[in-house]
Trainee: 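Got a structure for you, questions after.
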Amino acid sequence: MLASKLVCKTCSQASDVVTDAESGEIICTNCGMVNSNDKAFQVSTAEWRAFDHNQMMDRSRVGMPMTLTRHDKGLSTVIGIPNKDASGKELDDSMRSMMQRLRTWDHRIQVSSPTDRNLARAFQRLEMLRGKLGLPDNVIEKAAYVYRKAQRLGMVKGRTIAATLSASIYVASREAGVPRTLAEIASLSNISHKELSRVYRLIVLNLDLKVPMIDPVKCIAKIANKMEVSEKTKRHAISYMHNVVATGIAAGKDPMGIAGAVLYLSCIQNDEHRTQIDFAAASGVTEVTLRNRCKELHTKLPQLN
DNA sequence: TAAGATAAGAGGGACAT
DNA sequence: ATGTCAGTCTTATCTTA
């Protein structure tokens with residue numbers, strides 16, 4: 001357990017907040033509020049205030065910020081390589097060999113349990129995928145959190161780390177409202193779409209998550225950026241999409257398919273000629289699906305076409 | 001060459017057994 | 001737990017303009 005001073009948003013007290021070292025859950029010691037993310041708390045700013053350089057140096061808290069994306073949450077210390085003592089003098093032979101033994105154990109203790117080894121490997125992979133997928137830090141942290149929980153529930157057993165991790169990333173990006181499709185994540189992490197979606201459903205089920213619907217308006221923005229359509233068309237498409245969502249046509253359909261169709265029709269209306277093939281590729285659906293969505297929009301919302 | 005149509009097949013959710 | 005069914009999406013192929 002790690003303790004720090006935070007302001008709980010539930011009881012508004014600057015109380016001691018305890019972080020569960022296992023799950024990363026945050027507990028307010030004043031009102032007992034348990035939260036799975038730190039949005040319910042804000043860092044108490046009072047003790048950070050500094051009015052001159054000396055105070056600032058005095059009050060700065062050194063060290064890396066805590067992160068869930070390392071198996072030890074980035075809190076461990078490591079015995080360094082140079083064989084020198086604190087004053088910079090070379091160590092004698094017996095001390096030198098002792099430090100070597102300590103280094104060995106230092107390393108063994110840090111990544112010792114099977115759980116830690118698993119997490120270490122998973123987060124190594126997470127770091128690799130972060131760049132490929134272009135995901136912001138909050139999504140990565142969230143993914144690490146979801147993975148820890150899944151791991152604790154024994155869900156990685158019998159499955160690959162890669163699949164569970166990728167599913168965690170998908171969950172995290174959905175929750176953060178960053179549109180990434182299952183297919184995108186699957187192909188970048190070299191897992192089959194099928195396996196990924198299976199693990200994803202399992203995680204949602206076992207962790208009892210309520211993953212929000214992907215915002216179709218965000219999908220519009222994503223496709224529009226890829227296709228480099230004009231600002232005017234984009235705005236047209238977004239207002240169009242609001243109408244579509246209001247009628248409930250979008251329910252049960254792939255939001256990327258809908259977004260692609262809406263954007264395609266908006267382009268036609270604004271005399272921007274693009275092919276269905278291009279839109280299908282940018283949306284990650286087939287032309288047929290795109291056409292079907294277009295047809296539905298034509299029949300169900302004729303006043304907007 | 002782009003768009004439209006059709007058919008077969010896969011995978012998953014809802015529901016009953 | 002297992003099977004069935006309706007609905008969705010994909011792939012492949014052919015036709016139309």
Side-chain angles (χ1 to χ4, degrees), chain A residues 146 150 153-155 157-160 162-175 179-220 222-224 226-230 233 236-237 240-241 243-302 304-305:
Chain A
V146 172
L153 290 171
M155 290 175 56
K157 272 185 199 143
R159 261 173 282 279
T160 59
T164 315
L165 179 72
S166 302
S168 306
I169 295 175
Y170 182 63
V171 169
S173 58
R174 281 281 291 266
E175 292 199 334
R180 290 287 181 282
T181 63
L182 264 173
E184 265 175 301
I185 297 177
S187 79
L188 284 171
S189 52
N190 287 324
I191 330 172
S192 69
H193 184 284
K194 198 169 137 191
E195 172 72 2
L196 180 57
S197 60
R198 198 159 40 207
V199 180
Y200 164 67
R201 275 193 306 278
L202 217 63
I203 287 181
V204 171
L205 203 68
N206 288 358
L207 268 59
D208 201 21
L209 298 171
K210 286 181 190 53
V211 185
M213 176 73 189
I214 293 175
D215 184 356
V217 175
K218 289 200 174 115
C219 296
I220 295 258
K222 187 180 174 189
I223 302 168
K226 263 194 201 171
M227 298 285 297
E228 294 176 350
V229 303
S230 71
T233 306
H236 179 271
Y240 191 168
M241 181 56 98
N243 287 312
V244 173
V245 172
T247 58
I249 296 175
K253 306 278 166 57
D254 182 349
M256 288 299 278
I258 306 254
V262 165
L263 204 55
Y264 172 66
L265 294 175
S266 298
C267 273
I268 293 176
Q269 291 213 338
N270 288 284
D271 292 323
E272 270 191 68
H273 193 74
R274 304 295 172 81
T275 64
Q276 291 183 352
I277 296 174
D278 289 344
F279 274 104
S283 324
V285 297
T286 61
E287 303 149 61
V288 180
T289 304
L290 192 75
R291 277 197 283 275
N292 288 339
R293 294 292 89 79
C294 286
K295 206 156 60 180
E296 270 174 29
L297 294 174
H298 266 120
T299 54
K300 292 184 182 164
L301 281 173
L304 292 169
N305 292 297

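Note that the structure is predicted; figures quoted are calculated from it, not measured. Every chain is numbered from 1 and lettered A, B, ... according to where its sequence line falls, protein lines coming before strand lines.
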Trainee: Starting at CG of A:Leu182 and ending at C1' of C:dT8, how long is that distance when rounded to a whole Å?
Mentor: 15 Å
Trainee: A:Arg293 side chain N/O closer than 4.0 Å to the phosphate oxygens (OP1, OP2) of C:dT8?
Mentor: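 Checking A:Arg293 against C:dT8: no side-chain N or O falls below 4.0 Å of OP1 or OP2.
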Trainee: From CD of A:Gln276 over to P of C:dA17, roughly how many Å is that when rounded to an integer?
Mentor: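 That distance rounds to 16 Å.
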Trainee: Looking only at heavy atoms, which two atoms of A:Ala163 and A:Ile191 are closest? And how far apart?
Mentor: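 Smallest interatomic distance, heavy atoms only, reads CA-CD1, 3.5 Å.
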Trainee: Whole Å only: how far is the CG atom of A:Leu297 from the P atom of B:dG4?
Mentor: 13 Å
Trainee: Separation of A:Glu287 atom CD from C:dA12 atom P, in whole Å?
Mentor: 12 Å
Trainee: Find which nucleotide of DNA chain B each of A:Thr275 and A:Arg198 is nearest to by heavy atoms, and output the residue with the more 5' nucleotide.
Mentor: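 Final value for this comparison: A:Thr275.
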Trainee: Would A:Arg274 and A:Glu228 pass as an ion pair if we require N to O under 4.0 Å?
Mentor: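 Answer for the salt bridge query: no.
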Trainee: Determine whether the side chains of A:Gln269 and A:Ser266 contain a donor N or O and an acceptor N or O closer than 3.5 Å.
Mentor: no
Trainee: Please state how far atom CD in A:Glu195 lies from atom P in B:dA10, giving the value in whole angstrom units.
Mentor: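 Roughly 19 Å, once rounded to whole Å.
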Trainee: Which part of the nucleic acid does A:Thr289 contact within heavy-atom distance under 4.0 Å: base, sugar-phosphate only, or nothing?
Mentor: base
Trainee: Indicate yes or no: does A:Glu195 engage A:Arg159 in a salt bridge with an N to O separation below 4.0 Å.
Mentor: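 Between A:Arg159 and A:Glu195 there is no salt bridge, as every charged N stays at least 4.0 Å from the carboxylate O atoms.
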Trainee: Identify, between A:His273 and A:Val288, the residue whose nearest nucleotide on DNA chain B lies closer to the 5' end.
Mentor: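 Closer to the 5' end of DNA chain B: A:His273.
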Trainee: Kindly give the heavy-atom pair with the smallest separation between A:Leu182 and A:Ser197, and that separation in Å.
Mentor: CD1-CB, 3.8 Å
Trainee: OP1 or OP2 of B:dA3 versus the side-chain N and O atoms of A:Tyr264: is any pair under 4.0 Å?
Mentor: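 Yes, within the criterion.
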Trainee: In whole angstrom, what separates A:Asn292's CG from C:dT8's C1'?
Mentor: 9 Å
Trainee: Find the distance A:Arg291:CZ to C:dT8:P and express it as a whole number of Å.
Mentor: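 So the CZ-P distance, A:Arg291 to C:dT8, works out to 18 Å.
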Trainee: Write down the distance between CD1 (A:Ile277) and C1' (B:dT1), rounded to a whole number of angstrom.
Mentor: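 Atom CD1 in A:Ile277 sits about 8 Å away from atom C1' in B:dT1.
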Trainee: Nearest of C:dT8, B:dA3, B:dG13 to any side-chain atom of A:Arg201?
Mentor: B:dG13
